[in-house]
Amino acid sequence: MSTREPLPRAYEPAAVEAKWYPHWEKSGYFHGKPNPQKKPYSIVIPPPNVTGILTLGHVLNNTLQDILIRYHRMKGEEVCWFPGTDHAGIATEARVEKYLRQKENTSRDQLGREEFIRRVWQWKGEFGGKIIRQLRTLGCSCDWERERFTMDEGLSAAVRKVFVELYNKGYIYRGQRMINWCPVAKSALSDEEVIYKDVAGKFYYFRYPLSDNSGYLVVATTRPETMFGDTAVAVNPEDERYKHLIGKTVKLPLTDREIPIIGDVHADPTKGTGCVKITPAHDPNDFEVGKRHNLEVINVMNPDATLNARAGKEFEGLDRFAARDKAVRMMEEQGLLEKVEDIRHAVGYSERGDVPIETLVSYQWFCNMKELAKPAIEAVQSGKIKFHPERWSKTYFHWMENIQDWCISRQIWWGHRIPAWYNDATGEVYVGEEAPTSPGEWRQEEDVLDTWFSSWLWPFSIMGWPEKTEELKYFYPTCDLVTGPDIIFFWVARMIMAGCEFMKEIPFRNVYFTSIIRDELGRKLSKSLGNSPDPLDVIAEYGADALRFTITYIAPVGMDIRYSNEKCEIGKTFANKLWNACRFRQMQGDTSAHFRALPEDIVANVSGDERWMLAKLDAAIDSIDTAIAEFRFHSAAHEVYDLVWSSFCDWFIEAEKVPMRAGGAEKERALAVLDYALYRILRLLHPFMPFITEELAHQMGFLGDEETIMFEPYPEDDAFRNADAAALARIDGKFELVRAGRFLKASYNLPDGKKVKFFVKAVDAESLAFLESEKASMLSLLNAEEIEISLADYDPAVNGAAPSQVCALGTVYLPLAGLIDIAAEKAKLEKQKKELTGWIAGTKARLGNEKFLAKAPENVVADTKAQLAAMEEKLARTNELLDSLK
RNA sequence: GGGCGAUUAGCUCAGUUGGUUAGAGCGUUUGCUUUACACGCAAAAUGUCGGGGGUUCGAGUCCCUCAUCGCCCACCA
């Protein structure tokens with residue numbers, strides 16, 4: 001695969017990405033299979049809708065999963081990322097209906113059930129699963145051999161088995177209850193599929209005349225069109241204003257019906273007029289009231305939310321909103337409209353249809369969740385399953401502890417048909433995995449199951465359950481789940497319940513809830529706002545690695561992300577930086593033989609800079625391990641970014657130019673350490689930026705054609721940073737001096753490249769010796785002509801007045817022969833003196849505080865004392881400099 | 001109504017169990033074609049850590065309270 005040519009000046013991701021992914025996939029690198037020699041690590045993908053296309057939300061979600069997968073793979077575990085798609089009943093049915101209407105001018109109902117389903121499968125084959133192909137562009141290392149669809153035969157068998165089991169346990173039942181109805185899908189919905197929006201509405205105050213013509217009651221409603229279903233008016237039995245009316249009747253306007261006035265606590269005397277119209281068929285509270293008083297349930301609506309015959313001739317067939325207007329108008333004409341108030345109120349909308357839902361009474365299938373919830377609550381309470389961030393467990397507990405029956409039947413065709421059969425002759429109901437074999441006319445239930453009724457089995461159905469497969473034995477339970485907090489009820493909670501019930505084992509150990517991605521203005525990304533960038537465009541412009549890295553880098557734990565395409569510059573420039581570091585290395589000659597491990601003699605002879613670099617690497621490796629273990633992906637990204645850019649490129653490579661120039665054994669050692677560090681960096685970075693790291697590992701000659709970085713060991717701590725803390729501190733001191741010298745040059749507007757002479761007065765003999773030994777390095781880093789290091793005071797009489805900087809290892813002077821701005825120097829030193837004096841005073845006060853000495857930990861006290869000494873020493877030198885300027 | 005989160009540099013955000021002088025990227029300013037990189041190098045400036053109170057030797061960090069913004073759940077005849 002590798003073509004060892006000089007690297008171009010800038011990284012061009014497109015060709016590299018297009019090259020490696022197919023190679024990885026063809027080579028079977030993504031495939032995981034049970035292997036008793038290795039520790040299993042598995043993730044199941046949150047199955048995207050088969051109709052879906054890649055969004056930035058998916059990018060974040062799947063990048064994080066891929067980071068985990070690649071990280072654990074390199075850690076030597078047997079990893080498997082199970083991918084697949086969800087049949088998404090309502091969404092897909094709507095999508096295909098639209099397609100058929102546009103392409104063939106036909107409809108679901110024209111085609112009939114069997115033909116329509118055939119067409120949906122056809123559509124899926126042709127257009128479905130686009131997102132799965134897009135995930136490849138992103139670099140996701142899913143085990144595509146194991147790709148599943150929630151309506152595959154095996155997964156469908158799992159659904160049937162689960163349905164029958166829960167039915168036999170008495171959890172699943174069919175009943176007439178108040179449900180949420182979507183007029184667009186013409187189907188029942190679960191409570192979770194209803195989203196509440198605050199919208200402007202009106203409160204209509206209607207007069208309902210008493211039958212005896214002795215006056216009227218005023219009732220308020222936001223839904224005038226449901227009045228045709230009113231079967232009572234309720235007042236509070238304690239309400240002095242109305243209690244004498246209980247038992248009388250009112251004439252229901254616009255109808256010829258009379259309805260009773262009933263006493264019920266549901267009527268709150270403090271709210272509105274104290275009188276409530278009761279519409280049992282269209283309001284959950286009213287339904288309860290109706291049950292208590294044995295009221296008739298009059299459904300006045302058709303499935304498409306037009307009014308039906310029960311609303312009377314004038315209203316039959318009218319859309320609910322038209323009917324509302326008409327009812328109000330007619331009430332007004334009859335003098336029965338008392339007043340109208342503007343209000344804002346929450347209205348339930350269908351998640352998919354984006355229209356107000358109707359609550360109505362209907363026969364549906366339900367699943368009682370109470371018993372299923374118990375072990376699932378326990379699993380999270382006990383810590384067997386951990387949520388990250390932990391606070392989501394509160395949301396989880398609150399919902400689980402108040403869990404309601406789940407309405408699982410849908411009046412659509414695309415989905416798992418409920419395995420129940422009716423015998424109309426005998427009235428029998430048969431529920432079984434297969435059709436009944438007993439004689440008689442059996443008619444299968446028309447309804448299908450809620451999409452989530454298959455998704456909740458995903459972690460084990462995808463592994464072949466109910467068959468007892470090797471995969472289940474090895475990979476179940478999965479390790480980590482990465483998903484959005486918006487589906488905590490829909491999916492996460494239900495998977496935990498299903499796992500506990502059917503596998504007797506939790507489905508995963510950790511759940512990481514990703515951030516929600518917003519635009520720069522903090523708005524949710526949406527198609528209608530046009531603020532939702534297409535990830536494929538972003539990848540084309542910046543590269544997949546850049547997008548992956550950027551989104552990881554900017555995603556804080558548990559908070560919303562403000563995303564804009566421009567932010568991908570972070571990842572793009574970072575990739576380019578890494579590319580050029582390798583390009584530089586390539587120019588220095590052949591790859592060292594020691595890039596995998598440094599031999600003893602090199603380790604024994606590493607320079608201070610080299611030890612410093614190896615120590616930085618160790619520290620970064622530890623931080624990254626910890627960060628990934630705690631799902632702090634952005635910390636890991638920041639850590640590796642700083643390591644590469646600051647430690648490796650800005651300091652280490654620049655410092656190593658000295659031994660590399662020296663040639664011979666010096667150069668050989670420097671290149672060995674450089675290669676060793678570089679290959680560790682590439683591996684550290686691979687989970688975040690898979691393409692560029694694979695490409696560079698080959699370009700640099702670290703890997704042969706038949707090898708892949710994917711299975712190279714993830715770097716581990718070499719303990720270099722524990723080797724010699726004092727030596728590492730001295731290198732930091734050298735860098736501080738370099739920074740100070742550069743500052744002096746910049747302060748006097750000297751071009752960075754100008755060769756100048758510095759003087760350094762070392763603080764002591766030890767520092768003197770060290771700085772002398774690092775002289776070549778400092779000359780190079782400072783771009784200086786000469787550096788004179790001594791223990792003696794700088795003598796302005798000899799070299800002229802010089803601005804200076806006080807550092808830990810010594811004071812740096814830049815002689816400027818007449819150019820020195822004495823006033824500016826004085827001001828700088830006075831400022832420094834003031835700061836030092838302030839800190840010293842503060843530190844002394846702290847050390848003078850007996851309580852501090854008594855209560856603070858020893859190391860804090862010792863550190864404080866050391867700081868004080870250092871500051872006092874610095875102050876003394878600052879004062880000397882000030883004196884010298886007088 | 002119940003719950004959760006946020007408020008730190010001009011912007012977007014870091015800041016692990018409380019412990020020196022609060023950081024990064026972008027932007028801004030200055031100087032640079034220095035043996036990879038202008039997708040770059042070097043340097044600089046900007047903060048009463050939302051307000052108030054408390055605990056503590058010590059608070060951006062813990063507690064209380066207020067304000068503003070956002071999310072979730074419930075309810076709303």
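Everything quoted here is computed from the prediction, not taken from an experiment. Residue numbering restarts at 1 for every chain, and letters A, B, ... go by the order of the sequence lines.
- B:rU68: Watson-Crick or G-U partner is B:rA6, with both key distances under 3.5 Å.
- Taking atom P on both nucleotides, B:rU46 is separated from B:rA24 by 13 Å, rounded to a whole Å.
- Among the atoms of the strands shown, none is found under 4.0 Å from any heavy atom of A:Thr864.
- Ion pairing between A:Glu656 and A:Arg585 fails under the 4.0 Å rule for side-chain N and carboxylate O.
- The NE2-P distance, from A:His634 to B:rG23, rounds to 17 Å in whole Å.
- The base of B:rU35 is paired with the side chain of A:Arg661 by a donor and an acceptor separated by under 3.5 Å.
- Going from the P atom of B:rU56 to that of B:rG1 covers 35 Å, rounded to whole Å.
- In this model, a side-chain donor or acceptor of A:Glu654 finds a partner on the base of B:rA36 within 3.5 Å.
- Nucleic acid contact class of A:Ala234 (heavy atoms, under 4.0 Å, all strands): none.
- The base of B:rC37 sits with one of its N or O atoms less than 3.5 Å from a complementary donor or acceptor on the side chain of A:Lys577.
- The nucleotide whose nearest atom lies closest to any side-chain atom of A:Thr395 is, among B:rC57, B:rA36, B:rC72, B:rC72.
- If you find the closest nucleotide of RNA chain B to A:Arg223 and to A:Glu12, the one lying nearer the 5' end belongs to A:Glu12.
- The distance between atom CZ of A:Phe574 and atom P of B:rA24, rounded to the nearest whole Å, is 17 Å.
- Side-chain proximity of A:Pro857 to B:rU35, B:rG19, B:rC4: nearest is B:rG19.
- Listed nucleotides: B:rA36, B:rG5, B:rG25. Nearest to the side chain of A:Lys657: B:rA36.
- Checked for salt-bridge contact, A:Lys874 and A:Glu835 miss the test: no charged N lies under 4.0 Å from a carboxylate O.
- Nucleic acid contact for A:Pro485: none, since no nucleic acid atom lies under 4.0 Å from a heavy atom of the residue.
- When distances are taken from the side chain of A:Asn576 to each of B:rC37, B:rA43, B:rC57, the shortest belongs to B:rC37.
- With rounding to the nearest 0.5 angstrom, the CZ atom of A:Phe287 is 12.0 Å from the CZ atom of A:Arg292.
- Within the 4.0 angstrom heavy-atom criterion, no nucleotide atom of any strand lies near A:Cys582.
- Closest to the side chain of A:Arg9, from the set B:rA38, B:rG5, B:rA24, is B:rA38.
- Across all strands shown, A:Arg585 has no heavy atoms under 4.0 Å from either base or sugar-phosphate atoms.
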